[in-house]
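Below is one structure; the comments refer to it alone.
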Amino acid sequence: METSEQQWIASDEPPPYEIVNPNGRSRAILTCDHASLRIPRRLGTLGLGPQDLERHIAWDIGAELVARRLTEILDAPLAVAGYSRLVVDCNRPLTVPEAFVTRSEDTDVPGNMGMSTQEQAERAEAFFWPYQDAIHKLVIAHLKRCVPVMIFVHSFTPVFRGVQRPWDIGVLWRLDDRLSRLVLEELRLDTTLVVGEKSDPYPCALNEDYGALVHAERRGMPYVVFEIRQDLIGSEEGATIWAERLGNILSEAIKHPSVADFGELATDVHEPRYT
């Protein structure tokens, strides 16, 4: 009998996630939830044209380039989601509409309209849960030898609905700001940068975000969420510059005494699958 993953991903298509440098010795664990613009053959184009499928609505442009270079610099494992956020958003709770988006920014996604709860469950089993389970396994392995530090890599559009965004990078968190504050302190030494914090350009919010809250904050582990402006990292050169900048900062920050141990548990974050 075919599994849900086999039903949705053909034998010649890539798996739902990739673990890069699985034996990395750093305390850090990296994730890239929106790395790919790939859509499984079974879903065609979801009713979208080629230009839409290359926009931010499908993936975080440049994020994977930065994440892969960071994993080399830090010698840390990296979990990379293998399919587009349009199939299922790996950084949204499955209970919110944005997990299976029918309209992203100002663009309708016809292939997601009228989706049955059965199809949502099948997509989750094929794409969402294998990726989350892989991250969970990395965390459990790290917990046997250290207090893990988690780094979540995303990117954002320079212009959103006609409004220019001023930031070069956003350093985000919800409750635990220990690692973020260390990173912000170093980034702000460069006065040419415009650095957003906590909610610029996006807030980390309960019932809106998944990875940082479930895998890190729920456990009281130090973490930071990066949102980097896409035009700065859309090329190999730009991504390398930013990865090296952040890698140099993080290499020192994760050694700081303030992030040496667990912090307060986020008791309002619940994920029965990982209790």
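Fair warning: this is a prediction, and the values are worked out from it, not measured in the lab.
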*asked:* Quick check with a 6.0 Å cut-off and a 45 degree axis cone: is Arg165 positioned over the face of Trp167's six-membered ring?
replied: no
Quick one: is the NZ or CZ of Arg273 closer than 6.0 Å to the six-membered ring centre of Trp129, and within 45° of its axis? yes
- prompt: In terms of hydrophobic clustering (I, L, V, M, F, W, Y; side-chain heavy atoms under 4.5 Å; direct or indirect links), are Phe152 and Leu213 co-clustered?
  reply: no
For Ala63 and Val153 the tightest heavy-atom approach is O-CG1, 3.6 Å
Are Arg27 and Val259 side-chain neighbours, meaning at least one heavy-atom pair lies under 4.5 Å?
yes
- Query: With a 4.5 Å heavy-atom cut-off, do Leu78 and Asn21 have their side chains touching?
  - Reply: no
Would you please test Glu197 and Trp173 for side-chain contact (heavy atoms from CB on, under 4.5 Å) and show each step? CA-CA 8 Å; Glu197 68 173 84; Trp173 69 92; 3.7 Å; yes
Heavy-atom nearest pair, Ile254 first then Ser26, reads CD1-OG, 3.8 Å
Note: Arg123 and Phe100 closest approach over all heavy atoms is CB-CE2, 3.9 Å
Using salt bridge (Lys or Arg N to Asp or Glu O under 4.0 Å), reason through Arg181 and Glu185 one step at a time and then give a plain yes or no. CA-CA 6 Å; Arg181 290 296 179 191; Glu185 183 179 344; over 6 Å; no
Next on the checklist: If we count only N and O atoms by modelled type, under 3.5 Å, do the side chains of Gln230 and Ser155 hold a donor and an acceptor together?
Outcome noted: yes
task: Verify salt bridge (Lys or Arg N to Asp or Glu O under 4.0 Å) between Arg25 and Asp75, making sure each step is shown before the conclusion.
output: CA-CA 6 Å; Arg25 299 307 300 167; Asp75 188 24; over 6 Å; no
Here the ring pair (Phe, Tyr, Trp, His ring centres under 6.0 Å) pairs for residues 101-124, sequence neighbours left out, are none
Query raised in the report: Has Arg38 got its NZ or CZ under 6.0 Å from the middle of the six-membered ring of Tyr83, at an angle within 45 degrees of the ring axis?
Result: yes
Between the CG atom in Leu48 and the CG atom in Leu53, the distance rounded to the nearest 0.5 Å is 5.0 Å
Please step through side-chain contact (heavy atoms from CB on, under 4.5 Å) for the pair Glu217 and Leu175, ending with a clear verdict. CA-CA 8 Å; Glu217 200 167 73; Leu175 300 177; 3.4 Å; yes
When rounded to the nearest 0.5 Å, the distance separating NE2 of His154 from CZ of Phe156 is 13.0 Å
> His215 and Gln132: side-chain donor and acceptor closer than 3.5 Å?
Replying inline: yes
Would you mind writing out the side-chain donor-acceptor pairs for residues 232-239 within the sub-3.5 Å range, not counting sequence neighbours?
| residue | atom | partner | partner atom | Å |
| --- | --- | --- | --- | --- |
| Ser235 | OG | Gly238 | N | 3.0 |

Closer than 3.5 angstrom, by distance alone: can the side chain of Asp200 be matched with the main-chain N or O of Gly170 as a donor-acceptor pair?
no
Nearest heavy-atom approach of Phe128 to Arg92 is CE1-O, 3.5 Å
In terms of heavy-atom contacts, Pro148 and Cys146 come closest through CD-O, 3.3 Å
Residue pair Glu244, Arg69: steps toward the salt bridge (Lys or Arg N to Asp or Glu O under 4.0 Å) verdict
CA-CA 8 Å; Glu244 291 179 354; Arg69 180 69 185 111; 3.4 Å; yes
>> Check whether Asp209 reaches the backbone of Ala205 with its side chain - one donor and one acceptor, N or O, closer than 3.5 Å.
In response: yes
Only one of Val66, Leu172, Leu250 passes side-chain contact (heavy atoms from CB on, under 4.5 Å) with Phe226, and that residue is Leu250
Closest non-hydrogen contact found for Glu105 with Arg55 is OE1-NH2, 3.5 Å
